[in-house]
Chemist: 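This structure is in C-alpha cells; I'll ask about it shortly.
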Number of protein chains: 2
Amino acid sequence: MERIEKYRSKGLKLTPQRLAILEYLDGNTSHPTAEDIYRAVKKKHPTISFATVYNTLQALLEMGEVMELTIDPERKHFDPNTTPHHHIVCTRCGKIGDVFVDYSSALELPPEVTEEFTPISNHIDFYGVCKKCNKTKRRTK
Amino acid sequence: MERIEKYRSKGLKLTPQRLAILEYLDGNTSHPTAEDIYRAVKKKHPTISFATVYNTLQALLEMGEVMELTIDPERKHFDPNTTPHHHIVCTRCGKIGDVFVDYSSALELPPEVTEEFTPISNHIDFYGVCKKCNKTKRRTK
DNA sequence: TTGGCTGCAAAATATTTGCAGAACA
DNA sequence: TGTTCTGCAAATATTTTGCAGCCAA
C-alpha cells in the first residue's frame with residue numbers, strides 16, 4: 001500500500017493504531033477534534049489512548065500532513081486536507097465547511113501593516129448558518 | 001465619568017476590580033490573554049482572582065464590548081476593539097497586529113458553499129514575521 | 001437592603017508528559 | 001534487537017463553577 005510507504009519514508013513508525021487514525025483521516029472533510037478521532041478509532045482499537053491520538057496528530061502536524069484549525073474557540077479541529085483553503089463555520093451548530101478559493105491577490109495589506117509585518121500567508125474564517133440550522137428554530141438557550 | 005454610565009446602563013455592576021479591567025482594556029491594542037489581564041490588574045488589586053477576570057470578560061463578551069480571538073491555538077486573546085477588523089500574527093513571537101481593512105466585497109463565496117451556508121461575516125488571520133523577529137536569527141528550537 | 005460580585009478553592013476540560021512494557025522495522 | 005510507540009496515569013494549562021461573605025446601587 002502506498003500510504004504506508006509514504007509515511008514510513010518520513011520516518012513514521014506505522015502501528016495498527018496509527019494506520020487506523022490515518023484511515024479515518026484520509027479524505028475526511030468533517031474537521032474532527034482529537035476526541036472525534038479517539039472515539040472513531042476506539043471502535044476498532046478499544047484500548048487506544050488519547051496519548052496515542054495526540055502523539056500521532058503531533059507527528060502528522062510536524063510532517064505537514066494535517067492542519068490545526070482554531071476556528072472553534074473551545075477545542076482544536078484537525079484537517080487532513082493540507083491544500084491551502086479557508087473555512088466556514090455554522091454559528092448555530094458548529095459545522096465546518098471548506099472554501100477552496102484563493103483570495104490572496106485580493107488581500108493586499110496597507111502600508112502601516114507591511115511596515116511592521118512581512119506577510120506570508122492567510123486564512124479566512126467565514127461565519128454563517130448551515131442549511132439544516134436555517135430550517136430549524138433558533139436555539140433560545 | 002461616561003464610561004461608568006455606559007456600562008451601568010447595560011446592567012453591569014461596576015466594582016473597582018471591573019473598573020481596573022475596563023481601564024486596562026480601554027484602547028489596548030496588545031490583544032491580551034486572560035492571564036495578561038489578570039497580571040496587569042493584580043498590580044492595583046493584588047487580591048483579584050482569575051474568576052473575576054473571566055467573569056468580567058464573559059459579561060463584556062455578552063455585551064459585545066470585547067471580542068475573543070482564536071488566532072493563537074494555545075489560548076484565547078481578547079480585543080476591546082469591536083470594530084470589524086482582521087489580524088496578523090508573527091509566526092515567530094506571536095505578536096498580534098490589527099488590520100483595519102474591509103475585504104468583504106472581495107470575498108465572494110462559490111455556489112457550492114452558499115448552497116450549504118448562508119454567510120454572515122468573516123475574519124482573516126494573516127501570518128507573517130514582525131520587524132523585530134526579522135532582525136533576529138530564526139529560533140533553531 | 002439585596003442581588004450581583006469577589007475571592008478562594010475545587011471542578012471541568014483539553015492537552016501533554018513520564019514511564020514500563022509492547023511491537024515495528 | 002533496538003528504537004519507537006502504546007497505554008495508563010499523572011501532570012499541566014486553561015477556563016468554569018460553587019459558595020460564603022462583601023459591597024455597589
Side-chain angles (χ1 to χ4, degrees), chain A residues 1 3-22 24 31-39 41-63 65-78 94 141, chain B residues 1 3-24 31-39 41-63 66-78 94 141:
Chain A
M1 198 185 283
R3 192 198 296 156
I4 292 185
E5 282 316 317
K6 173 180 168 188
Y7 290 108
R8 193 140 53 193
S9 70
K10 295 202 184 186
L12 193 66
K13 192 167 280 192
L14 289 171
T15 63
Q17 294 87 341
R18 288 188 167 186
L19 285 171
I21 292 172
L22 291 171
Y24 173 72
H31 309 90
T33 63
E35 184 170 9
D36 293 333
I37 298 167
Y38 172 73
R39 281 205 308 267
V41 174
K42 209 178 171 71
K43 287 175 190 166
K44 288 196 177 176
H45 296 271
T47 66
I48 198 172
S49 67
F50 262 105
T52 298
V53 173
Y54 278 109
N55 169 334
T56 302
L57 283 172
Q58 191 55 47
L60 293 174
L61 280 169
E62 282 165 14
M63 293 167 60
E65 292 296 327
V66 298
M67 295 186 67
E68 202 173 66
L69 305 188
T70 59
I71 200 169
D72 175 358
E74 302 315 313
R75 58 192 63 76
K76 292 175 190 166
H77 292 248
F78 295 89
K141 171 108 193 260
Chain B
M1 199 185 282
R3 190 198 296 156
I4 293 184
E5 282 315 316
K6 172 180 168 188
Y7 290 107
R8 192 141 52 195
S9 70
K10 296 203 184 186
L12 194 66
K13 192 169 279 191
L14 290 170
T15 63
Q17 293 88 340
R18 289 190 164 184
L19 286 171
I21 292 173
L22 291 172
E23 193 179 335
Y24 172 72
H31 309 90
T33 62
E35 185 170 9
D36 293 333
I37 297 168
Y38 172 74
R39 281 206 309 267
V41 174
K42 209 177 170 70
K43 287 175 190 166
K44 287 195 177 175
H45 296 271
T47 66
I48 198 171
S49 67
F50 262 106
T52 297
V53 172
Y54 278 108
N55 169 335
T56 302
L57 283 172
Q58 192 55 48
L60 292 174
L61 279 170
E62 283 166 13
M63 293 168 59
V66 298
M67 295 186 67
E68 203 172 64
L69 305 187
T70 59
I71 201 168
D72 174 358
E74 302 313 313
R75 58 191 65 75
K76 291 176 190 164
H77 291 248
F78 296 88
K141 168 105 192 259

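Every chain is numbered from 1 and lettered A, B, ... according to where its sequence line falls, protein lines coming before strand lines. Bear in mind that the values here come from a model prediction, so they are computed numbers and not experimental data.
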Chemist: Indicate yes or no: does A/Glu35 engage A/Arg75 in a salt bridge with an N to O separation below 4.0 Å.
Modeler: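 No, no charged N to carboxylate O under 4.0 Å.
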Chemist: Distance check: side-chain N/O of A/Ser49 vs OP1/OP2 of D/dT6, anything under 4.0 Å?
Modeler: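 Negative; the distance criterion is not met.
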Chemist: Counting heavy atoms not belonging to B/Lys44, are there more than 12 under 6.0 Å from its NZ?
Modeler: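 Counting neighbours around NZ of B/Lys44, 12 or fewer heavy atoms of other residues, nucleotides or ligands fall under 6.0 Å, so no.
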Chemist: Would you say a side-chain N or O of B/Arg18 is under 4.0 Å from OP1 or OP2 of D/dA24?
Modeler: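 For B/Arg18, the contact criterion (side-chain N or O under 4.0 Å from OP1 or OP2 of D/dA24) is not met.
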Chemist: When the distance from NE2 of B/His45 to P of D/dA24 is rounded to whole Å, what number comes out?
Modeler: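 Distance check: B/His45 NE2 to D/dA24 P gives 11 Å.
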Chemist: For residues B/Pro32 and B/Tyr24, report the shortest heavy-atom separation together with the two atoms involved.
Modeler: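 Shortest heavy-atom contact: CB-OH, 3.8 Å.
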Chemist: Here's a test of your reading of the structure: between A/Pro46 and A/Leu12, which maps to the more 5' nucleotide of DNA chain D?
Modeler: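 Result of the comparison: A/Leu12.
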Chemist: What integer distance in Å separates B/Leu57:CG from D/dT17:P?
Modeler: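 Atom CG in B/Leu57 sits about 14 Å away from atom P in D/dT17.
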Chemist: Rounded to whole Å, please give me the gap between CG in B/Leu14 and P in D/dC22.
Modeler: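 Roughly 21 Å, once rounded to whole Å.
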Chemist: So for B/Lys76 and D/dT14, does any side-chain atom that can act as donor or acceptor lie under 3.5 Å from a complementary atom in the base?
Modeler: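 Answer no: no donor N or O sits under 3.5 Å from an acceptor.
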Chemist: Can you tell me if B/Gln17 touches the phosphate of D/dC23, counting only side-chain N or O atoms and a distance under 4.0 Å to OP1 or OP2?
Modeler: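 No, outside the criterion.
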Chemist: Taking the nucleotide of DNA chain C with the closest heavy atom to each, which residue, B/Asn55 or A/Arg8, is nearer the 5' end?
Modeler: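 Comparing both residues, the 5'-ward one is B/Asn55.
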Chemist: Can you work out whether B/Thr15 or B/Glu74 has the more 5'-proximal nearest nucleotide on DNA chain C?
Modeler: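 Nearer the 5' end of the strand: B/Thr15.
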Chemist: Looking at A/Gln17 and A/Ile48, what are the two nearest heavy atoms and their distance?
Modeler: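 A/Gln17 and A/Ile48 have their closest heavy atoms at CB-CD1, 3.8 Å.
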Chemist: What integer distance in Å separates B/Leu19:CG from D/dA24:P?
Modeler: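 Checked: the CG to P distance equals 10 Å.
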Chemist: Rounded to 10°, tell me the angle between the two end axes of the helix from C/dT1-D/dA25 to C/dA25-D/dT1, each built from five pairs.
Modeler: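 So the angle between the two local helix axes works out to 40°.
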Chemist: Starting at atom NE2 of B/His77, determine the distance to atom C1' of D/dA13, rounded to an integer number of angstrom.
Modeler: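 Rounding to the nearest Å, NE2 of B/His77 and C1' of D/dA13 are 14 Å apart.
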Chemist: Calculate, to the nearest 0.5 Å, the distance between atoms OG1 and CZ belonging to A/Thr33 and A/Arg39 respectively.
Modeler: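 The CZ atom of A/Arg39 is 6.5 Å from OG1 of A/Thr33, to the nearest 0.5 Å.
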Chemist: What nucleotide, of C/dC8, C/dA14, C/dC24, holds the atom closest to the side chain of A/Glu35?
Modeler: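 Within the option list, the nearest is C/dA14.
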Chemist: Enter the distance from B/Ile71:CD1 to B/His77:NE2 here, rounded to the nearest 0.5 Å.
Modeler: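 Answer for the CD1-NE2 pair, B/Ile71 versus B/His77, is 8.5 Å.
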Chemist: B/Glu62 CD to C/dG4 C1': how many Å, rounded?
Modeler: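 Answer to the nearest Å: 14 Å.
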Chemist: Output the single nucleotide from C/dT15, D/dT16, D/dA25 whose closest atom is nearest the side chain of A/Tyr54.
Modeler: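 Of the options given, the side chain of A/Tyr54 lies nearest C/dT15.
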Chemist: From C-beta outward on B/Pro16, which listed nucleotide comes closest to its side chain: D/dT6, D/dA24, D/dG7?
Modeler: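 That would be D/dA24.
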Chemist: What's the closest nucleotide to the side chain of A/Lys13 if the choices are D/dT15, D/dT4, C/dC5?
Modeler: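 Nearest to the side chain of A/Lys13 among the choices is D/dT4.
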Chemist: Between B/Thr52 and C/dC5, is there a side-chain N or O to OP1/OP2 distance below 4.0 Å?
Modeler: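 Checking C/dC5 against B/Thr52, no side-chain N or O comes under 4.0 Å of OP1 or OP2.
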Chemist: Is a side-chain donor-acceptor pair under 3.5 Å present for B/Asn55 with B/Thr52?
Modeler: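 No, no side-chain donor-acceptor pair sits under 3.5 Å.
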Chemist: Between D/dT16, C/dT6, D/dG7, which nucleotide gets closest to the side-chain atoms of B/Gln58?
Modeler: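 Looking only at side-chain atoms, B/Gln58 lies closest to D/dT16.
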Chemist: Roughly, in whole Å, what's the span from CZ in B/Phe78 to P in D/dT14?
Modeler: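 It works out to 12 Å between those atoms.
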Chemist: What distance separates B/Leu69 CG from B/His31 NE2, expressed to the nearest 0.5 Å?
Modeler: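 Rounded to the nearest 0.5 Å, the CG-NE2 separation comes to 6.0 Å.
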Chemist: Measure the distance from CG on B/Asp72 to C1' on D/dT14 and round it to the nearest whole Å.
Modeler: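 Checked: the CG to C1' distance equals 12 Å.
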Chemist: By nearest atom, which of the nucleotides D/dT15, D/dT6, C/dG7 is closest to the B/Arg75 side chain?
Modeler: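 Nearest nucleotide to the side chain: D/dT15.
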Chemist: On DNA chain D, compare the nucleotides closest to A/Gly11 and B/Ala51; which residue's is nearer the 5' end?
Modeler: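 Of the two residues, A/Gly11 wins.
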